[in-house]
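A short write-up of the structure that comes next.
Just so it is clear: chains get the letters A, B, ... in the order the sequence lines come, proteins before strands, and each one is counted from 1.
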Amino acid sequence: MPLYNHKKIESKWQKKWEEEGLYKAEDDYKKKKYYLLIEFPYPSGEGLHVGHPRSYTALDILARKKKMEGYNVLYPIGFDAFGLPSENYAIKTGVHPAITTKKNIKTFTKQLKSLGFSFDWSRQVITTDPEYYKWTQWIFLKFYEKGLAYKDKMPINWCIDCKIGLANEEVVDGKCERCGGEVEKREKEQWMLKITAYADRLIKDLGKVDYWERIKSQQINWIGRSEGAEFELSIVIASEAKQSRKDGLTEIVASPSAPRNGISISVYTTRLDTVFGMTYAVIAPEHKLIAKLKNKIANYKEVEKYIIKARNKTELKRVELSKEKTGVELKGIKAINPFNNEAIPLFVADYVLGYYGTGAVMAVPAHDERDFEFAKKYNLPIKQVIKPGKETHQKLSDIIGHEYFIADGILIESGEYSNMKSREAREKMAEWLEKKGMGKKKINYKLRDWVFSRQRYWGEPIPMYHCEKCGIVPASEEEVLNTNKWRLPDIEKYEPTDTGESPLAAITDWVNAKCPKCKSPAKRETDTMPNWAGSSWYFLRYIDPNNKKELADKKKLKYWAPVDWYNGGMEHTTLHLLYSRFWYKFLYDIGVIPKECGAEPYKKRTSHGMILGEGGEKMSKSRGNVINPDEVVDKYGADTFRIYEMFMGPFNQAIPWDTKGVIGVRRFLEKVWKLRERIMNHESGIMNKKIESMLHKTIKKVAEDIENFRFNTAISAMMILANELEKEKEVFIIHYSLFIILLSPFAPHITEDIWSSFAKATEDKAEKKKYEQSIFRQNWPKYDEKLIKDETINLVIQINGKLRDIIAVDADISESKAKAKALASKKIKKWLYGKEVVKIIFVKGKLINIVVKYV
RNA sequence: GGUCCAGUGGUGGAAUUGGUAUACACGCGACACUUAAAAUGUCGUGCCGCAAGGCAUGUGAGUUCGAGUCUCACCUGGACCACCA
């Protein structure tokens, strides 16, 4: 009996599997399919992280089980290879990102293969491959054709260090997600994708899919749908309004005859019911109205100074300073509340965002915390118009402890709307606005259009021309798909230019081109696409990776799409997951994806937790707590590594690495290995009923746990079974081999090796043949319901809910018999002495609880 | 500040619908094997107590025959978002 030599076994079977093509998915439309997807890695220079295999092993286990259940399984792999690190490396060393990428992919491939995943490597997709990214470019052309890609001058997040525009999603705490440097706002012409056009469907269709609740709610939150109303506030010259006093508040009431000069601002609110409490209005510093009213604003210089200051604040500072609100009144003008004709002061303040809603708000200090703070600081009136409940009107501070009240309630001092409930008032007020033509109901989203331009080299070129005569002209499909014209050209310098243009802008013979429409001189777009582009549709290309005519064949799409199970990181919930759902829906709308596939790309989505360093902190080079998967595989083997990552704790939870725990798993596999010494053929023995029952319980548990991603308890159940088998003098091959099949998705190498050795243990030809085939061509075991049912159970006897005795009884014991037995127990008799039995509760198959009281 | 999640031995963590709390693994201790060590095996291992027994799932209350599980309040930690009107 040889020792368990993981190195020999693992390389042997990895080679065999590859030669046999065991994991190739066939386009066999008669079989039922199962498509499993993991987020393809970015091939970084650091190599594989121990976090990668957590997700890959989980779906590998599922893939192998599905295959054994008879499914035609597709479990593909590829590389998301465009990205900043290779480009930054190129800036430092001059090595072309394509070379770095190629080298890193080679390392990753070797590492991934050493872990024995059942990936179908023949379908590999690499986003930097021109045969792939020409289709990414083609999809962009389609977006443009349908009016969903547009160029717009807009303030973008600009990373000062990286010299690159960032999407909102890439700005974390006001800092650049990549380099941690400061981010400021800059006006730039950017390509945009109109994801907001899909906002509603991206929320609604979450009802069609099976995502973990956490993932759904995060997406809903991110899209941030809010129902409200938009309406106009007329602007008047202050001197034309008449001052009066009312309710002890200083208010300015416009005289009905005050001429309105046609200028108005549009405000958005979700709390139209509080409109009678509006005591001022605020516009964002970016608001266009300010320039328009330049000569009507008495203190324009002061206002201008404030705007410039606000604009120069970096995102970080703006967030930091958020506690202290600032603003400047626009003197000389007033806004009119259309509901009561009151003239109110108008402020510019940076606590109002230029890019959300209309960039202007009505301020109701009594019912909004931010407005309240601002009003306190600038001594503005606070007028309560909602009372919390049925209580009579009293000071807010007496009821809730502070002076503003943000919840719904009952309206007061709101004209004809007084005494209405908030909800009703919102409806009625919106109706009134619509009737008067001054406003309407409106739905707003936090989600903004996707800034799609990057001023970088290592990305997909955006296939657009800028013609002197025709303006923006898209490249033709022919040019993108069948020529080399839109491939990334080679360059010498990778640094972005100081003007913020892509390094591509420096290659004049690439930039200068002819307009495809009118043939006059034109310039090419030099921006490239963001990282998220290639990863937004890669899962479709796996279905038909070598198609030269189409993005993917329709018949193949019909068969394979959508993805049945997608697992990935929680950090991709709001970015990649949302983006790829958007792209898929678009491709579905334009008929690239057949209707039969449905409008959602992923049927099911789950997320794994992070693997932390041994101290419980995030693994990082600087902390020196990085675990290298190669070393673990080398020392303990891939099977040990895989099982350890699945055993360490709940799959969706962050868990620190513990090398000691790895040893425990290795011991388990050695135990499994040694059990082989004691196997014998079942013909010569009597069935061991206890083991048989346990085995079938384990079959049930492991199958259920895999489907529910509770790998840790599945492994624990197999350990218990192995411990039990170890206690037996002889192990029947029929039991042991079923156990080996159960274990095989988790530890493919050792189980395949043990399986193949069974061929020697039998003389039967058919049996021999079975064992000579791969274990992964066997059927997944089914449990026998009869064997799972226990004949006897341990009946728990409690007194007042406390455990006092346990007796063995028939599993289907009747209530009366159980009671009699319980009361006959010596231990119980002792406890009942001197007490009165009040009642007895019987739970079938579980327990008896005797409720007593002292006499 | 908002939303969501979690808090169980020395450690990672188990515990169907409320029904034997601490499975499995690590660590630790004792013993066996060994000249010795490693490896391996056997037994033990929540806390207090000689024992009978009592006390333990962040804290406090509640519902219940019975609560780790349900309800409320609080404390602590994490994740995501964050001036979104």
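Classified by interplanar angle (parallel below 30°, tilted 30° to 60°, perpendicular above 60°), the ring pair A:Y4/A:H6 is perpendicular.
The distance between the ring centers of A:Y268 and A:F231 does not fall below 6.0 angstrom.
As rounded to whole Å, 10 Å separates atom P of B:C43 from atom CD of A:E726. The separation between A:N652 atom CG and B:C5 atom P is 12 Å, rounded to whole Å. In this entry the distance linking CG of A:L575 with C1' of B:C81 reads 12 Å, nearest Å. The CG-P distance, from A:L447 to B:A82, rounds to 12 Å in whole Å. Taking atom CD1 of A:I797 as the reference point, atom C1' of B:U20 lies 12 Å away to the nearest angstrom. As a whole-Å value, the separation of A:N800 CG from B:A67 P is 11 Å. At whole-Å resolution of the value, NZ in A:K325 and C1' in B:G1 are 10 Å apart.
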Sugar-phosphate or base contact per nucleotide [nucleotides 11-16 of chain B; S, B, -; heavy atom under 4.0 Å]
-BSSS-
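Mapping A:G801 and A:M719 onto RNA chain B via the closest heavy atom, the residue that lands nearer the 5' end is A:M719. Where A:I841 and A:W831 meet RNA chain B, the nucleotide closest to each residue was compared, and A:W831 sits on the side nearer the 5' end.
Nucleic acid contact for A:V361: base, since at least one base atom lies under 4.0 Å from a heavy atom of the residue. Looking at heavy-atom distances under 4.0 Å, A:K660 makes contact with sugar-phosphate atoms alone, never a base.
Residue A:E213 holds its CD atom at 9.5 Å from CD1 of A:I215, rounded to the nearest 0.5 Å.
A donor-acceptor pair shorter than 3.5 Å can be found between the side chains of A:T713 and A:D705. Side-chain contact check for A:D449 and A:T196: at least one donor-acceptor pair (N or O, by modelled atom type) lies under 3.5 Å.
Of the candidates A:N794, A:L795, A:I797, A:I806 forms a side-chain contact (heavy atoms from CB on, under 4.5 Å) with just one, namely A:N794. Screening A:T274, A:D273, A:T269 for a side-chain hydrogen bond (donor to acceptor under 3.5 Å, both in side chains) with A:R426, the sole residue that qualifies is A:D273.
Non-hydrogen atoms lying under 4.0 Å from RNA chain B are contributed by A:K802, A:R804, A:I806, all within residues 802-816 of chain A.
Remark: the separation of the C1' atoms in B:G68 and B:G58 is 12 Å, to the nearest Å. Between B:A67 and B:A15, the two C1' atoms lie 13 Å apart (nearest whole Å).
For the pair A:N800 (side chain) and A:V852 (backbone), a donor-acceptor distance under 3.5 Å is present.
In the set B:U20, B:C24, B:G53, B:G53 carries the atom at the smallest distance from any side-chain atom of A:K830. Here the nucleotide nearest the side chain of A:W222, chosen from B:A82, B:A25, B:G41, is B:A82. Comparing B:C80, B:G41, B:U20 by their closest approach to the side chain of A:Q218 singles out B:C80. Between B:C26, B:G53, B:A85, one nucleotide has an atom nearer to the side chain of A:T270 than all others, and that is B:A85.
Close to B:C80, at under 4.0 Å from its OP1 or OP2, lies no side-chain N or O of A:T573. Regarding contacts with the backbone of B:A39, every side-chain N or O of A:R666 stays at 4.0 angstrom or more from both OP1 and OP2. Within the 4.0 Å cut-off from OP1 or OP2 of B:A79, not a single side-chain nitrogen or oxygen of A:R214 is found.
Judged by the 6.0 Å and 45° rule, A:R676 forms a cation-pi pair with A:W673.
No more than 12 heavy atoms of other residues, nucleotides or ligands shown are found within 6.0 angstrom of NZ on A:K194.
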